[in-house]
There are 2 protein chains.
Amino acid sequence: MDVVSSSVWGPEPLPRVAAPLREQVTDRVRAAILDLRLRPGERLIERELTENLGVSRATVREVIRQLAAEGLVTVVPQRGAEVTSLSASDAADIYEMRASLEALAVRRFVQRAGEDQVRALRAAVDEIARSAEAAGDHLAAKDRFYEVLMEGSASGPLQQTLAGLQARVRLLRATSLSAPGRPTQAAQELSAVVDAVEARDAEAAADACVLHIRNAAATATAQLTG
Amino acid sequence: MDVVSSSVWGPEPLPRVAAPLREQVTDRVRAAILDLRLRPGERLIERELTENLGVSRATVREVIRQLAAEGLVTVVPQRGAEVTSLSASDAADIYEMRASLEALAVRRFVQRAGEDQVRALRAAVDEIARSAEAAGDHLAAKDRFYEVLMEGSASGPLQQTLAGLQARVRLLRATSLSAPGRPTQAAQELSAVVDAVEARDAEAAADACVLHIRNAAATATAQLTG
DNA sequence: CATGTCTGGCTGTCAGACAATCGGCAACGT
DNA sequence: ACGTTGCCGATTGTCTGACAGCCAGACATG
């Protein structure tokens with residue numbers, strides 16, 4: 001057998017150490033939007049970005065196109081880009097899609113994930129519960145949960161789409177979500193999902209997942225329309 | 001009342017006569033990909049595009065980012081863009097997502113569409129059946145069907161996502177899909193969907209829709225793996 | 001035959017420039 | 001005082017030209 005084969009160097013074509021500048025910039029701006037350092041409705045002026053990021057306008061424009069395609073910014077012709085602010089009906093759309101697609105992802109997780117991945121999922125949900133009581137980093141905990149879920153279930157297109165939906169949901173946090181007591185309830189709902197996963201019951205897991213997102217959507221839209 | 005109000009100029013904010021150059025170019029390239037004049041795997045060289053389309057490289061690059069985000073082209077760092085060629089598992093992913101999301105759209109169509117829209121849907125499916133027998137323009141007929149469906153059901157994000165999935169499915173046509181007799185069967189399946197819609201039975205319609213896409217996926221993957 | 005080396009073809013990124021367009025503001029006439 | 005009109009600055013849309021860096025394949029070499 002060839003000396004340079006197998007998994008000596010790790011599989012696959014090298015993690016591409018130095019990402020293209022354009023992607024680094026994209027990540028930074030996306031992070032700024034998701035952290036609400038750039039608030040929905042706020043305009044993104046090309047010249048400002050070139051200055052603050054130290055890249056040329058051409059690069060900035062490519063980045064904006066990228067984020068626009070992800071739905072995080074909206075470009076108004078002849079006026080430029082601004083951080084997307086979602087309408088109530090957009091929000092409803094997004095939550096419905098998430099319900100459908102995450103149910104799909106969960107079903108797959110049940111079918112394809114190994115024991116260790118299930119344990120990791122349980123650990124993640126425990127972490128969420130803990131951060132719901134004490135004031136831990138709730139956000140990071142939830143991210144961790146979805147990270148495990150995705151790794152064990154989604155490939156390619158599904159993962160990409162779900163990531164996009166998650167990101168859009170975060171935009172809604174601008175209008176402060178999470179009613180009192182919601183975090184704890186959310187943790188319980190997710191725990192129910194993992195219960196079903198551990199029992200290897202795909203349909204029950206999917207249903208629990210749908211329920212969770214429906215509830216999340218309910219409190220969200222309550223805030224939006226209220 | 002204001003002289004310049006009402007429907008003298010037609011309603012709504014003007015169909016935007018002159019779209020930004022970048023969008024015209026995007027549409028053209030996308031069309032070329034969807035018509036398979038650019039085949040999956042084919043490289044898109046920036047200089048060639050600038051010459052053939054008569055626009056600058058900067059513009060071409062923005063267009064490429066856009067199409068990359070839509071999943072129609074894949075950019076390999078330091079090598080450039082090529083028309084996406086889908087793996088079997090990608091295809092499976094996409095069909096599963098379509099099943100989930102179109103079921104969603106159909107449910108909504110039942111709830112929200114008016115009688116005239118239901119009639120339009122029936123007309124569209126009849127047209128598909130006709131073009132399945134005689135060698136009519138099968139493609140256009142199916143497009144028409146989805147056009148009606150989308151108009152009556154989807155708003156914003158859902159519509160955009162589904163359009164993206166449809167487009168990706170078309171990429172698979174490169175590896176010639178449609179087994180013998182498939183078009184006729186597809187027409188029957190879609191007819192079943194409309195039957196349920198006419199009966200205003202949302203769940204039945206959604207189920208019929210899922211069935212249709214599962215069958216489409218089956219013949220598609222049969223071709224891909226075989 | 002295996003190993004270096006070179007070179008052309010592209011991409012990644014930049015700077016600078018110019019026209020077209022939008023939005024607001026101020027001058028204007030009534 | 002108030003609605004119009006016309007102008008100006010701020011920004012986007014697009015083009016040109018340039019240069020470094022990377023990749024693959026041709027070529028030369030031992």
Side-chain angles (χ1 to χ4, degrees), chain A residues 1-5 9 12-30 33 38 41-69 72-85, chain B residues 1-5 8-9 12-30 33 38 41-69 72-84:
Chain A
M1 179 187 269
D2 194 353
V3 186
V4 212
S5 72
W9 307 113
E12 296 314 297
L14 242 325
R16 205 88 204 99
V17 277
L21 186 50
R22 151 178 34 96
E23 290 188 8
Q24 302 180 44
V25 174
T26 305
D27 289 345
R28 273 225 226 168
V29 177
R30 192 190 358 245
I33 293 176
L38 295 173
E42 189 165 342
R43 286 186 66 181
L44 300 180
I45 287 103
E46 295 177 0
R47 184 180 44 78
E48 288 183 4
L49 293 178
T50 64
E51 290 172 4
N52 297 336
L53 296 167
V55 296
S56 79
R57 205 152 81 94
T59 304
V60 164
R61 286 177 65 83
E62 290 185 29
V63 166
I64 288 179
R65 293 297 156 317
Q66 172 80 33
L67 294 174
L72 292 183
V73 311
T74 307
V75 307
V76 184
Q78 305 297 353
R79 262 199 43 111
E82 53 187 51
V83 179
T84 300
S85 64
Chain B
M1 179 185 269
D2 197 323
V3 186
V4 211
S5 73
V8 182
W9 309 111
E12 294 313 298
L14 267 226
R16 208 85 203 98
V17 279
L21 188 49
R22 148 177 38 96
E23 290 188 7
Q24 302 179 45
V25 174
T26 306
D27 290 344
R28 275 225 225 168
V29 178
R30 189 187 1 242
I33 293 175
L38 295 172
E42 189 165 342
R43 286 186 65 180
L44 300 180
I45 287 103
E46 295 177 1
R47 184 180 45 76
E48 288 183 4
L49 294 180
T50 64
E51 290 172 3
N52 297 337
L53 296 167
V55 295
S56 78
R57 203 153 81 96
T59 305
V60 165
R61 284 177 66 85
E62 290 187 28
V63 166
I64 288 179
R65 296 311 148 220
Q66 172 79 34
L67 294 174
L72 293 183
V73 311
T74 307
V75 306
V76 185
Q78 306 299 349
R79 275 215 56 203
E82 53 186 49
V83 179
T84 300

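Being a predicted model, the structure only gives us computed values, none of them experimental. Chain naming here is simple, since letters A, B, ... match the order of the sequence lines and numbering starts at 1 in each.
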**Asked** Which is it for A/Arg43 and A/Arg79 under the side chain to side chain contact (heavy atoms under 4.5 Å, CB included) test, yes or no, and what are the steps along the way?
**Response** CA-CA 9 Å; A/Arg43 286 186 66 181; A/Arg79 262 199 43 111; 3.5 Å; yes
**Asked** Taking atom C1' of D/dT11 as reference, at what distance in whole Å does atom CD of A/Glu42 sit?
**Response** 16 Å
**Item:** Given B/Val73, B/Leu72, B/Val63, the one that forms side chain to side chain contact (heavy atoms under 4.5 Å, CB included) with B/Arg30
**Value:** B/Leu72
**Prompt:** In whole Å, what is the span from the CZ atom of A/Arg79 to the C1' atom of C/dT21?
**Reply:** 12 Å
**Asked** Do the side chains of A/Leu53 and A/Val29 get nearer than 4.5 Å, heavy atoms only?
**Response** yes
**Item:** A/Arg43 CZ to C/dC22 P, straight-line distance once rounded to whole Å
**Value:** 12 Å
**Prompt:** With nearest nucleotides of DNA chain C determined for A/Val60 and B/Glu46 from heavy-atom distances, which residue corresponds to the more 5′ nucleotide?
**Reply:** B/Glu46
**Prompt:** Heavy atoms under 4.0 Å, any strand shown: does A/Arg47 hit a base, just sugar-phosphate, or nothing?
**Reply:** sugar-phosphate
**Asked** Tell me: CD of A/Glu62 to P of C/dT11, nearest whole Å?
**Response** 12 Å
**Message:** Are A/Arg22 and B/Arg65 packed together at the side-chain level, in the sense that at least one heavy-atom pair is separated by less than 4.5 angstrom?
**Reply:** yes
**Asked** According to a strict under-4.0 Å criterion, is A/Thr59 in side-chain N/O contact with OP1 or OP2 of C/dC14?
**Response** yes
**Asked** Could you state the CD-P distance from A/Glu82 to C/dC22, rounded to the nearest angstrom?
**Response** 15 Å
**Under-4.0 Å side-chain N/O to phosphate OP1/OP2 contact, A/Arg22 with C/dG12** = yes
**Request:** To the nearest Å, give me how far apart CD1 (A/Ile45) and P (C/dC22) are.
**Result:** 17 Å
**Request:** Check every strand shown and say whether B/Ile64 touches a base, only sugar-phosphate, or nothing at a heavy-atom separation below 4.0 Å.
**Result:** nothing
**Asked** Does the side chain of B/Val25 come within less than 4.5 Å of B/Glu62's, by heavy atoms?
**Response** no
**Request:** Tell me whether the OP1 or OP2 atom of D/dG13 has a side-chain N or O from A/Arg61 closer than 4.0 Å.
**Result:** yes
Please produce a list of atom pairs where a protein N or O lies less than 3.5 Å from an N or O of nucleotides 15-20 of chain C.
from	atom 1	to	atom 2	distance (Å)
C/dA17	N6	A/Arg57	NH2	3.4

**Prompt:** Could you give the distance from CD1 (A/Ile33) to CZ (A/Arg28), rounded to the nearest 0.5 Å?
**Reply:** 14.0 Å
**Asked** Is A/Gln24 reaching over with its side chain to a backbone N or O of A/Ala19, donor-acceptor style, under 3.5 angstrom?
**Response** yes
